[in-house]
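Lettering of chains follows the sequences in order, A, B, ..., and the numbering in each one begins at 1. Computation of the quantities below employed the complete heavy-atom set of this structure, encompassing side-chain atoms and omitting hydrogens, waters and symmetry-equivalent molecules.
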Amino acid sequence: MAEKASPSSNSISLKTVDGKIFKVSPAIANQMLTIQPLIKDSDSSTIISLPDVAAFHLTKIIEYLEGKPAAAPSAVDAFEAQFVKDLSPEELKGLLIAVGYLKVNGLVDLMANTVAKLIENKSVEYVRKFFGVVNDFTPAEEAKCRQEHAWAFDGVDED
Amino acid sequence: MGNIISLNSSNTRNRWSGPCEVFQGEACKRQRLLSTSYEDNLRLIPSLPDEISYQILARVPRISYLILKSVSRAWKEAILSPELFCVRKELGTMEEWLYVLTKVNDDKLLWYALDPLSRRWQKLPPMPNVSSEDEVVKKGLAALPLRMWSMVGSSIRIADVIMSWLGRRDALDRMPFCGCSIGVIDGCIYALGGFSRASAMKSVWRYDPVKNCWTEASPMSVGRAYCKTGILNDKLYVVGGVTRGRGGLNPLQSAEVYDPHTDMWSQLPSMPFAKAQVLPTAFLADFLKPIATGMTSYRGRLFVPQSLYCWPFFVDVGGEVYDPNVNSWIEMPIGMGEGWPTRQAGTKLSATVNDNLYALDPSSSLDSAKIKIYDYEGDTWKVVPGDVPIHDFTDSESPYLLASLLGKLHVITKDANHNITVLQADMQNGLSSSQPLSSSSELTESSSGSEGEVWRVFASRSGRSAELVSCQSLKV
């Protein structure tokens with residue numbers, strides 16, 4: 001779909017880590033804050049290489065940036081819900097990293113919200129595994145931390 | 001094809017500090033977050049800039065933070081950081097919780113926080129030393145040395161024991177076990193004064209919900225138990241209470257104010273108790289002691305209902321109003337003082353919700369408690385239609401509490417099964433002053449139905465032996 005972006009005006013070429021080249025309009029590229037400063041120095045022959053972004057993620061990002069303005073104001077929520085609906089946790093995480101890297105307008109909020117919902121009632125182990133966080137507590141420190149949690153909810157009814 | 005611009009390679013550690021180092025317009029705030037991002041292993045989430053991780057964490061409900069603290073050191077540090085709560089503020093994800101102080105097993109004070117989102121209750125850590133030394137407190141100082149000596153093990157040097165004993169005694173002297181008063185300011189809960197053994201304390205303890213711990217704040221100028229608190233212009237006001245003097249407990253007329261930003265107390269003019277000055281005889285004046293029975297912050301001033309007190313009798317004498325602009329006290333509007341419903345033991349409870357002043361009138365019979373709203377223009381208290389379903393008027397210190405939470409009036413009480421119950425008033429059904437108290441047919445109809453139409457049980461938890469002491473809502 002990126003190829004559909006008008007090639008006539010100064011379209012920007014973005015190259016993903018898996019070697020695909022996407023041509024996007026400056027209007028779209030400008031909403032990726034990380035590459036914004038590079039745009040004014042580029043011409044149609046410039047290729048901006050994105051070492052941390054895979055084609056799948058860039059496709060999604062462009063889909064978002066093109067689709068959101070097209071949606072009616074009342075339909076934005078539905079559009080955003082639809083946008084994240086079919087993403088697996090793994091895809092969510094990959095997209096989050098791409099979005100965080102490119103600093104995509106609006107999409108940072110949507111991804112942060114989605115991921116926050118995903119971890120909100122999860123165990124420590126789930127969160128560590130999901131994000132690949134290494135537990136750097138000593139066993140004593142971790143026990144103390146967990147004890148604080150156990151104390152807080154001990155004896156409290158959870159009907 | 002011409003030039004190729006490659007953004008920083010993924011092999012370099014500082015790949016996030018690329019061309020656009022900070023979010024626009026948020027440069028100052030983000031600097032600190034970014035400063036750690038060069039060290040990938042210190043990141044909250046590998047491969048993700050910390051500023052994005054903060055965006056995620058700030059959207060997670062606060063009740064999850066106690067769990068998420070155990071993920072890693074960086075997570076713990078982030079969750080305890082003011083920065084995260086700044087992001088929550090920017091995003092509008094602050095949460096207002098209800099904090100209820102209860103007394104269990106006689107004299108042990110225990111705090112519970114209610115998260116209105118998940119309706120879950122979380123126990124707060126005890127004020128330092130209170131729980132473990134509870135028995136000692138009850139038995140008094142005499143029991144302390146014996147208890148300490150029995151704990152002496154061979155590996156502990158005597159000097160350490162004496163040191164710890166001294167330290168402990170010092171701490172005990174500053175630990176309330178009853179009569180402490182509660183105030184919320186600057187994102188923290190303050191527990192002020194109270195009795196420890198038989199003396200009234202000056203000490204002030206501060207609970208920080210971000211750090212989930214208690215620290216000691218500057219003490220008040222005098223020891224006070226059962227003093228009254230109110231918040232005005234970001235300062236915490238304290239009036240009255242009792243202190244221990246010659247011949248027993250003496251009510252205080254003095255008032256002072258705490259500024260959380262300087263951690264300093266300043267004196268205010270004492271309450272004049274003008275009504276008590278005109279008592280007919282010196283004997284009576286000596287016999288009846290003036291006491292502040294409540295305090296509420298309302299319309300930019302502090303309203304303090306007062307009584308004359310001679311155990312176990314209370315005579316209401318209206319009250320006085322402190323105006324911070326002129327730093328002086330004037331008499332309370334007559335109708336306000338006379339109509340202010342009394343809770344047990346002469347105390348006057350109230351809650352200000354959306355600038356309306358509410359009190360609960362337990363009335364004479366069970367199960368027919370009413371909410372009253374103060375009509376400032378008419379200087380009267382008006383009954384709000386609908387019974388408050390309160391079942392327990394037993395001899396507990398506080399059979400019910402009032403709170404403003406999420407912009408609604410709440411009554412905290414114990415139900416027939418001794419569960420602590422948080423009742424929420426549905427403003428639409430008649431508790432707002434804008435479409436109030438006239439006998440519009442719709443209103444009468446809705447409130448004459450089942451009590452559930454105005455009041456619904458918002459949350460409850462097993463109360464066991466817990467007695468209600470006081471409560472506050474706090475948004476962070």
(request) Starting from the C-alpha separation in whole Å, work towards a yes-or-no answer on side-chain contact (heavy atoms from CB on, under 4.5 Å) for B:Leu44 and A:Phe131. (result) CA-CA 9 Å; B:Leu44 288 165; A:Phe131 290 120; over 6 Å; no
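- Between B:Ile56 and A:Ala116 the shortest heavy-atom distance is O-CB, 3.5 Å.
- Here the shortest heavy-atom pairing between A:Ile97 and B:Ser47 reads CG2-O, 3.5 Å.
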(request) Quick one: do A:Asp109 and B:Arg59 satisfy side-chain contact (heavy atoms from CB on, under 4.5 Å)? Show the steps, please. (result) CA-CA 10 Å; A:Asp109 291 330; B:Arg59 288 167 159 90; 2.9 Å; yes
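- A donor-acceptor distance shorter than 3.5 angstrom exists from the side chain of B:Ser64 to the backbone of A:Glu120, with no hydrogens or angles considered.
- Both the backbone and the side chain of B:Ile63 come within less than 4.5 Å of a heavy atom in chain A.
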(request) Take A:Phe137 and B:Val71, measure what side-chain contact (heavy atoms from CB on, under 4.5 Å) needs, and give me the verdict at the end. (result) CA-CA 9 Å; A:Phe137 283 120; B:Val71 167; over 6 Å; no
(message) Between A:His149 and B:Gln122, does the side-chain contact (heavy atoms from CB on, under 4.5 Å) criterion hold? Intermediate values first, please.
(response) CA-CA 9 Å; A:His149 173 256; B:Gln122 178 183 320; over 6 Å; no
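- The minimum heavy-atom distance linking A:Cys145 with B:Lys76 is given by the pair SG-CD, 3.9 Å.
- Proximity to chain B (any heavy atom under 4.5 Å) is shown, for A:Val99, by neither the backbone nor the side chain.
- Residue contact with chain B, scored on non-hydrogen atoms closer than 4.5 Å, is absent for A:Leu118.
- Inter-residue side-chain proximity for A:Tyr101 and B:Leu48 is flagged as unmet; no heavy-atom pair is nearer than 4.5 Å.
- Heavy atoms closer than 4.5 Å to chain A are found in the side chain of B:Leu110, but not in its backbone.
- B:Ser72 is not listed as a side-chain neighbour of A:Val134, based on a closest heavy-atom distance of 4.5 Å or more.
- Neither the backbone nor the side chain of A:Lys117 comes within contact range of chain B; no heavy atoms are under 4.5 Å apart.
- By the 4.5 Å heavy-atom criterion applied to side chains, B:Ile52 and A:Val108 are counted as neighbours.
- Interface summary for chain B: among A:Lys93, A:Arg146, A:Glu148, the most heavy-atom pairs under 4.5 angstrom belong to A:Glu148.
- Two residues are said to be in side-chain contact when any heavy atoms from C-beta on lie closer than 4.5 Å; B:Pro126 and A:Trp151 meet this criterion.
- Summarising the geometry, atom OG1 belonging to B:Thr93 is positioned 9.0 Å from atom CG belonging to A:Asn113; distances are rounded to the nearest 0.5 Å.
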(request) Go through the steps to decide whether B:Arg73 and A:Glu141 satisfy the test salt bridge (Lys or Arg N to Asp or Glu O under 4.0 Å), and finish with yes or no. (result) CA-CA 9 Å; B:Arg73 286 183 178 171; A:Glu141 283 172 337; 2.8 Å; yes
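- Interface remark: B:Leu68 contributes side-chain atoms only to the contact with chain A (heavy atom separation under 4.5 Å).
- Chain B forms the most heavy-atom pairs under 4.5 Å with one residue out of A:Val124, A:Ile119, A:Thr114, A:Val17, and that residue is A:Val124.
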